[in-house]
Engineer: 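Please read through the structure below; I'll follow up with questions.
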Amino acid sequence: MTDSKQTVLIAGATGYLGQYLVTACHAAGFRVVALARQPEKLIAIDHAVDEIVFAEATDPATLSGQMRGVDLVISALGITRQKDGLTYAEVDYQANRNLLDEALAAGVPQFAYIHVLNAENMPNVAMARAKSRFAKELAKADIASTIVCPSGFYSDIVEILDMAKSGRVFLFGDGEARMSPIDGADLAEAVLSAIASGQSRIEIGGPQCFTQNEIAELAFEVVERPVRITRIPLVLADGAIVLAKLFGAKAKVSAVEFFVAASKLDMTAPPYGTISLSRFFTQTQAGRTAGPAR
């Protein structure tokens, strides 16, 4: 390590995007500090991590003093599926707010946050509401910031591949809602590019745009099964979500609630990257059918 190396602290380093950010930052010449509460999940990318900080971002006391000497914080912290009894308000908002407060106290000059496209247009969705609240506070904070709004990750729609493999894909609405998801590797490169160019906010999509129907058809092609799609009217999906919440299943339907809301919007963004969804689906399917290494 040389004195000229900048230090980046990555929150959410053990997640899908976080691991790509770690390797991309390492390749870009940063000294990489990974914030993790389960460091064992970093074993596969251990070569790219210079230091591991064991901390729980929901507990500000564990963050105290951890950002001394840090030049940049990148947060990919958020709940993909609710677990551990934590809420979106506690993680997507408050944990990120704790990170920002510590960065401000330590005099960190830059903070980048991975948001989500169109979150401000989904005020009734808990995840989007929590993310939007933090993004607004970050934009107003006394720190150089970059807010990245991806259309969605390829990993977010792997469930469509799973459904295709089982023989039927269920979609919300008429299936014509458009999106432009992106691979984690491409998104990590886009994040670093946005930070380097000093962009305060950027919307990012993958190299292709699809309707949900087209994504389902591609999934069936990859798993080599006939196309069978059931389209659930949005009014029925909305009603089912309301009933689920009334009967105490709020946590279980939160992810579904987001996808239903997204099905009512144009979730496309300017293209970036080269990795196609077909390649991602094909590699994912090949990895599953290959079985464990011997």
Side-chain angles (χ1 to χ4, degrees), residues 1-42 45-79 84 86 88-115 130-131 133-148 187-188 190-202:
M1 186 186 80
T2 65
D3 291 338
S4 62
K5 268 194 174 185
Q6 286 195 313
T7 296
V8 57
L9 183 144
I10 300 174
T14 60
Y16 169 75
L17 178 59
Q19 295 196 39
Y20 283 113
L21 286 169
V22 167
T23 54
C25 286
H26 171 75
F30 283 93
R31 176 178 179 271
V32 178
V33 178
L35 183 72
R37 60 174 181 159
Q38 295 178 299
E40 64 275 11
K41 291 185 177 182
L42 294 169
I45 54 172
D46 180 67
H47 68 283
V49 178
D50 295 284
E51 180 183 350
I52 296 175
V53 170
F54 181 75
E56 177 56 75
T58 55
D59 180 2
T62 67
L63 297 174
S64 181
Q66 302 289 8
M67 296 189 190
R68 294 191 188 98
V70 170
D71 300 289
L72 166 67
V73 172
I74 304 178
S75 177
L77 195 62
I79 297 176
D84 298 336
L86 296 172
Y88 291 111
E90 291 171 322
V91 178
D92 290 76
Y93 169 71
Q94 191 59 57
N96 280 300
R97 181 69 231 195
N98 293 340
L99 290 169
L100 176 58
D101 288 342
E102 185 61 28
L104 291 169
V108 176
Q110 282 187 290
F111 195 114
Y113 174 58
I114 314 305
H115 194 19
K131 286 182 176 295
R133 182 182 175 191
F134 175 71
K136 289 177 183 177
E137 294 183 10
L138 173 59
K140 294 177 181 178
D142 187 19
I143 190 171
S145 62
T146 298
I147 297 171
V148 179
L187 181 54
V191 169
L192 291 186
S193 177
I195 293 169
S197 60
Q199 296 188 68
S200 59
R201 188 180 181 100
I202 183 172

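In this chain, numbering begins with 1 at the start of the sequence shown. Just the heavy atoms: all of them, side chains too, but no hydrogens, waters or symmetry mates, feed the values below.
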Engineer: Which value, rounded to the nearest 0.5 Å, describes the distance between Thr58 atom OG1 and Leu86 atom CG?
Structural biologist: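 Rounded to the nearest 0.5 Å, the OG1-CG separation comes to 6.0 Å.
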Engineer: Measuring from atom CG of Leu138 to atom CD1 of Ile143, what distance do you get when rounded to the nearest 0.5 angstrom?
Structural biologist: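 Separation between the atoms: 7.5 Å.
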Engineer: Could you tell me whether the side chain of Leu100 reaches within less than 4.5 Å of the side chain of Phe134, counting heavy atoms only?
Structural biologist: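 The answer is yes, as the side chains (C-beta and beyond) meet within the 4.5 Å cut-off.
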Engineer: Could you point out which residue of Gln6, Glu51, His26 forms a side-chain hydrogen bond (donor to acceptor under 3.5 Å, both in side chains) with Arg31?
Structural biologist: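 Exactly one candidate clears the test, Glu51.
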Engineer: Using modelled atom types only, decide if a donor and an acceptor are shared between the side chain of Asp50 and the backbone of Val32 within a distance under 3.5 Å.
Structural biologist: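 Confirmed, Asp50 side chain pairs with Val32 backbone.
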Engineer: Side-chain contact, heavy-atom cut-off 4.5 Å: Ile74 with Leu192?
Structural biologist: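 Yes, close enough: below the 4.5 Å cut-off.
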Engineer: Do Pro39 and Phe54 make a side-chain contact, defined as non-hydrogen atoms from C-beta onward lying under 4.5 Å apart?
Structural biologist: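 Of all side-chain heavy-atom pairs linking Phe54 with Pro39, at least one is under 4.5 Å.
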Engineer: Are side-chain heavy atoms of Leu63 and Asp101 found at a separation under 4.5 Å?
Structural biologist: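 Leu63 vs Asp101: side chains apart.
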Engineer: Distance from Asp59 atom CG to Glu90 atom CD, nearest 0.5 Å?
Structural biologist: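 With rounding to 0.5 Å, CG (Asp59) is 12.0 Å from CD (Glu90).
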Engineer: I want to check something: taking the side chain as every heavy atom from C-beta on, are Met67 and Leu99 in contact at a cut-off of under 4.5 Å?
Structural biologist: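 Yes, their side chains come closer than 4.5 Å.
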Engineer: Which value, rounded to the nearest 0.5 Å, describes the distance between Thr146 atom OG1 and Arg201 atom CZ?
Structural biologist: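 Thr146 atom OG1 to Arg201 atom CZ measures 11.5 Å (nearest 0.5 Å).
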Engineer: Between the side chains of Glu102 and Asn98, is a donor N or O closer than 3.5 angstrom to an acceptor N or O?
Structural biologist: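 Side-chain D/A pair, Glu102 to Asn98: absent.
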Engineer: How long is the span from the NE2 atom in His47 to the CG atom in Leu42, to the nearest 0.5 Å?
Structural biologist: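 So the NE2 of His47 and the CG of Leu42 are separated by 11.5 Å.
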Engineer: Is any side-chain heavy atom of Leu187 closer than 4.5 Å to one of Val148?
Structural biologist: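 Side-chain contact under 4.5 Å: yes.
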Engineer: Within a strict 4.5 Å, meaning less than it, do heavy atoms of the Phe30 and Leu72 side chains meet?
Structural biologist: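 Yes, close enough: below the 4.5 Å cut-off.
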Engineer: Can you tell me how far apart CG (Leu77) and CD1 (Ile114) are? Round to the nearest 0.5 Å.
Structural biologist: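 The CG atom of Leu77 sits 11.0 Å away from the CD1 atom of Ile114.
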Engineer: In a table with atom names and distances, give each donor-acceptor pair under 3.5 Å that connects a side chain of residues 193-200 to protein atoms at least two apart or in another chain.
Structural biologist:
residue	atom	partner	partner atom	Å
Ser197	OG	Ser193	O	3.0
Ser197	OG	Ala194	O	3.2
Ser197	OG	Gln199	NE2	3.2

